[in-house]
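To keep things clear, I will list the structure first and then write my remarks on it.
A note on names: the letters A, B, ... follow the listed sequences, proteins ahead of strands, and every chain is numbered from 1.
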Protein chains: 2
Amino acid sequence: MTERTDTSRVAPPLAATELTQQRPQRRRPLHEEAAERLRDMIVEGELAPGERVREQAVCDRLGLSRTPLREAMKVLAAEGLVTLQPNRGATVADLSPADIADTFKVIGALEALAGELAVERVDDDDIAEMRVLHYQMALHQTRGELPEYFRLNQRVHERLVELSGNQVLIETYRQLGGRIQRQRFVANRWAGRWEQAMHEHEQMLDALAARDGRRLADILRLHLDNKLTAVEHIDRDGRPRHDAAAD
Amino acid sequence: MTERTDTSRVAPPLAATELTQQRPQRRRPLHEEAAERLRDMIVEGELAPGERVREQAVCDRLGLSRTPLREAMKVLAAEGLVTLQPNRGATVADLSPADIADTFKVIGALEALAGELAVERVDDDDIAEMRVLHYQMALHQTRGELPEYFRLNQRVHERLVELSGNQVLIETYRQLGGRIQRQRFVANRWAGRWEQAMHEHEQMLDALAARDGRRLADILRLHLDNKLTAVEHIDRDGRPRHDAAAD
DNA sequence: ACAAAAAGATTTGCATACAATTCTACTCGT
DNA sequence: ACGAGTAGAATTGTATGCAAATCTTTTTGT
């Protein structure tokens, strides 16, 4: 479904001379690049949720014309990152708390499925690799290195889904994950819930190593539910709410 | 959101003569319409899986220019219905057996989640409605009315997912369903597996009425697995394979 | 005759121009 | 003051032209 870079093409005949790194590698379509840049801008909050996105303004910003930008916007809309209204332009998707909760529920179900499929396929090598990731994450946790911890955390989940071997699942998981990347990005500043999360991750690893798909699935669902609870206690500026602390 | 027919504008001065059906009702963007038409063309096989889609050809066919068509193609690509290769055009997505199996697995997990969520929300009215759909379907089954049976079948599943109340789930389910609509369309000609499917549907209805989410989820997963098996026994011309009959 | 190279024809990618629609600010009548 | 109506600006939607890349056919060297 996703296009892959085909490197099997014959090399251009003029490759003999000294190569400047001035690669003619501008083979990348502008609309793709635009889509990527827009995703980043949304995740990092340069475009705020609910904000109107005027085509010409973004074109000036990115240095391209409206045609490829509009193509990129259609893609982002299909991914759920922006909302399009005919003749009335685009706005950055503004997820309601319900939307976020719904998204976590679905992601939870997907990860649970991933777990059940993964236990049927993993070899000892895969598990060893997961163990490495896990203990790297644990190390960052004890050191209080927040960004690295979060990055590893996400890697662990992504890797587990990959281990399912189900291409459609992987793709769907990535797409939904993309919608809440901003929430994750923001949550990146808050350190709550470390111990519980690590404990759950340990159980995940155990269940995976024991090839207990049912248990792994259950843990994952629970883990995602808890993750949602944590996110719900963070306002959109990335600070924990005062009302309750869930850890 | 709600589009209203704006009659407050001054009428075009040449409206007096007999109206061709050329309604000024062009509120709908062409790229949307194009996307819809393309989806239909793919589902109905007018564009065959793996077939190259040349822009100009489709534009002539649909009577529009390349700009809106290209926007529509990006959407279809994001939906997984076509595959885009930079500078080399688009082809209708050609799902491998593995892709189809993967898709059914994910859909199964989504429906299972839908079931668990639905039992928490449905009222007696909803259940009564599901019962009506179910018995309509049963009637079509006993009468051997294949297309109507399939249509109702799909309605039942779609309705169940709707009853989950989870917007993200509904959306994701529809998108994945769209990818295998062609398989469903083709399967429409084959009548196998009626009794078993109806039996499973009956169990689904029971579990829903009993608000037994866990059981409903299990039935749904099983049901989808069986559906996959059935689809796997149909070649792409819509005829059952001779090697084995699963009912 | 055959492979490599070159020339020509298609096809895709992007920018621009213009039409259609919506948005904004203003006028006018009560 | 105030809302309906209206000109003008701003914004989106679509068509077209041209450049870049790819595909096809022809040519050329051995």
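Rounded to an integer number of Å, the gap from CZ of B:R70 to P of C:dA15 is 11 Å. Rounded to an integer number of Å, the gap from CG of A:L30 to C1' of D:dA21 is 14 Å. Atom CD of B:E32 is separated from atom C1' of D:dT14 by 14 Å (rounded to the nearest Å). Atom CG of A:L62 and atom C1' of C:dC14 are 15 Å apart (whole Å). D:dT11 atom C1' lies 13 Å from atom CG of A:L69, rounded to whole Å. Rounded to whole Å, the distance from NE2 on A:H31 to C1' on C:dA15 is 14 Å. B:R88 has its CZ atom 11 Å from the P atom of C:dG13, to the nearest Å. Between B:E71 atom CD and C:dG13 atom P the separation is 14 Å, expressed in whole Å.
Look at B:R66 and you won't find any side-chain N or O under 4.0 angstrom from OP1 or OP2 of D:dT14. For the OP1/OP2 pair of C:dT12 and a distance below 4.0 Å, the side-chain nitrogens and oxygens of B:R54 include no atom meeting the criterion.
With sequence neighbours excluded, the residues satisfying side chain to side chain contact (heavy atoms under 4.5 Å, CB included) with B:A78 are A:A78. Under the rule for a ring-ring contact (aromatic ring centres under 6.0 Å, His included), the partners of B:Y149 that lie at least two apart in sequence or sit in another chain are B:W194.
In terms of position along DNA chain C, the nucleotide closest to B:E55 lies nearer the 5' end than the nucleotide closest to the other residue of the pair B:T67 and B:E55. Residue-to-nucleotide proximity on DNA chain D shows that, of A:K74 and B:N87, the 5′-proximal contact is made by A:K74. Along DNA chain C, the nucleotide nearest B:Q56 and the nucleotide nearest A:R52 are compared for position; the residue whose nucleotide lies closer to the 5' end is B:Q56.
One finds a salt bridge joining B:E46 and B:R61 here, because a Lys/Arg side-chain nitrogen approaches an Asp/Glu carboxylate oxygen to under 4.0 Å.
Put simply, the side chain of A:E51 does not reach to within 4.5 Å of the side chain of A:T91, judged on heavy atoms.
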